[in-house]
Amino acid sequence: MPSDDQHTSQPLFNQFASDNYAGICPEAWHAMEEANHGYVSSYGDDAWTERACESIRRLFATDCQVFFVFNGTAANSLALASLCRSYHSIVCHDMAHIETDECGAPEFFSNGTKILHTNGINGKLDLDAVELAITRRSDIHYPKPRVLSMAQSTELGTVYTPGEIGAACDLAHSHGLRVHMDGARFANAVATLGVTPAETSWKAGVDVLCLGGAKNGMAIGEAVVFFDRLLAEEFEYRCKQAGQLASKMRFISAPWIGMLESGAWLRNAENANRQARLLADELARVPGVRLMYPCQANAVFTEMPEQATAALRAAGWHFYSFIGTGGARFMCSWLTTEQDVRNLVAAVRQACGEQ
Ligand SMILES: *Cc1c(COP(=O)(O)O)cnc(C)c1O
């Protein structure tokens, strides 16, 4: 459990800890309410789930295969497991969520597939490093590279252009690898790029996308989207075995209808990005504060004096600082307002010794 807010049921106003601190947006909430009438058949065999899959097919303008699971760890792990055998390996960035934040679930669900991580600036893959990881060895003693995994947007709040994704996919495919995209914050990337979801996924070569719902404004649920339907073969068995097949599936699927058909998915991401942009611009002007990465989505990473982060915490602000001493990550969400941002900026100024 997060350490310091478990003793109160009061909402936190002074928080930029994560986009999953925000609640359920109205569009997702209403869709759940609408789905809550009478009896509906279970395990995804229902009209809500069918319509949600259709909405996702329409969003991506292609006949993809769609599955709904409870969270991002499950989505990534099961998607990766479906692409790999136990002696394969997955190439990703050092900072990838699948490497640092999933408690070994991708390896667990794939029965031992190894993750090979590579570095690259600003949280983005460096294709030379990727190629080296793929081609370093080709003998039987090395776990055979099978998947390139990339996050869009990245864990450090940066965004790949469709051209960059295309180049990564071309490289992966030329070596016989498949491409997995961790899209926990895919909507934020689309909002930044102003392109269609297709252009930053399958049209650029992505084979499987884990499309985020929770951080975008839903209660629970991520969609695993297979652009190559052959790769989805028997995926429903993986979901069931992993405890990821919801019996009351309609409450996971209906919110997708609410989000996609109303356009809330994009509006929510645009708001989060806009507030992060404002926050980044304002914090960059505070003496002693330095932005660590380009702000291209809804995250702002800063370096500031250690006393300043301590003072900010003492003043009751919630944020993560897992990135070294004095580093702080501020996340914006669909719920973040300009006033929230202004309040944080004022508090940072005060913590840095300004009035
Ligand atoms: C939040 C997040 C996920 C999903 O995490 P869960 O807590 O398992 O839902 C996956 N990838 C990235 C990059 C994330 O930020």
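Read the numbers this way: they start at 1 and go in the same order the structure lists the ligands and their atoms.
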Visitor: Are Phe16 and Phe319 an aromatic pair, judged by ring center distance below 6.0 Å?
Guide: no
Visitor: Share the residues that join Val40 in a hydrophobic cluster, the rule being Ile, Leu, Val, Met, Phe, Trp or Tyr side chains under 4.5 Å apart at the heavy-atom level.
Guide: Trp48, Ile257
Visitor: What's the shortest distance from atom 10 (C) of ligand 1 to any protein heavy atom, and which residue and atom give it?
Guide: His97 ND1, 3.3 Å
Visitor: Checking the N or O distance criterion of under 3.5 Å, is ligand 1 in contact with Glu102?
Guide: no
Visitor: Identify, by atom number and element, the atoms of ligand 1 in contact range of Arg185, meaning under 4.0 Å from any of its heavy atoms.
Guide: 15 (O)
Visitor: Counting each atom of ligand 1 from 1 as listed, which ones have a heavy atom of Lys215 under 4.0 Å away?
Guide: 1 (C), 2 (C), 3 (C), 14 (C), 15 (O)
Visitor: Phe186 and Tyr160: aromatic ring centres closer than 6.0 Å?
Guide: no
Visitor: Is the terminal nitrogen or CZ of Lys144 (NZ for Lys, CZ for Arg) located under 6.0 angstrom from the six-membered ring centre of Tyr87 and within 45° of that ring's axis?
Guide: no
Visitor: Could you check whether Arg329 makes a cation-pi contact with Tyr293, meaning its NZ or CZ is under 6.0 Å from the centre of the six-membered ring and within 45° of the ring axis?
Guide: no
Visitor: Quick one: look at Thr73 and ligand 1, take heavy-atom pairs under 4.0 Å, and tell me if it's side chain, backbone, both or neither.
Guide: both
Visitor: Please report which non-hydrogen protein atom sits nearest to atom 11 (N) of ligand 1, along with the residue it belongs to and the distance in Å to one decimal place.
Guide: Asp182 OD2, 2.6 Å
Visitor: Do Ile115 and Ile98 have side chains that approach each other closer than 4.5 Å (heavy atoms only, starting at C-beta)?
Guide: yes
Visitor: Considering only the protein, which heavy-atom contact is closest to atom 4 (C) of ligand 1, and what is its distance?
Guide: Gly72 CA, 3.4 Å
Visitor: Going by salt bridge (charged side-chain N to carboxylate O under 4.0 Å, His left out), name the residues that satisfy it together with Arg137, two or more places apart in sequence or in a different chain.
Guide: Asp139
Visitor: Based purely on interatomic distance, does Glu155 place a nitrogen or oxygen under 3.5 Å from a nitrogen or oxygen of ligand 1?
Guide: no
Visitor: Would you kindly specify which portion of Ala184 sits under 4.0 Å from ligand 1, judged on non-hydrogen atoms: side chain, backbone, both or neither?
Guide: side chain
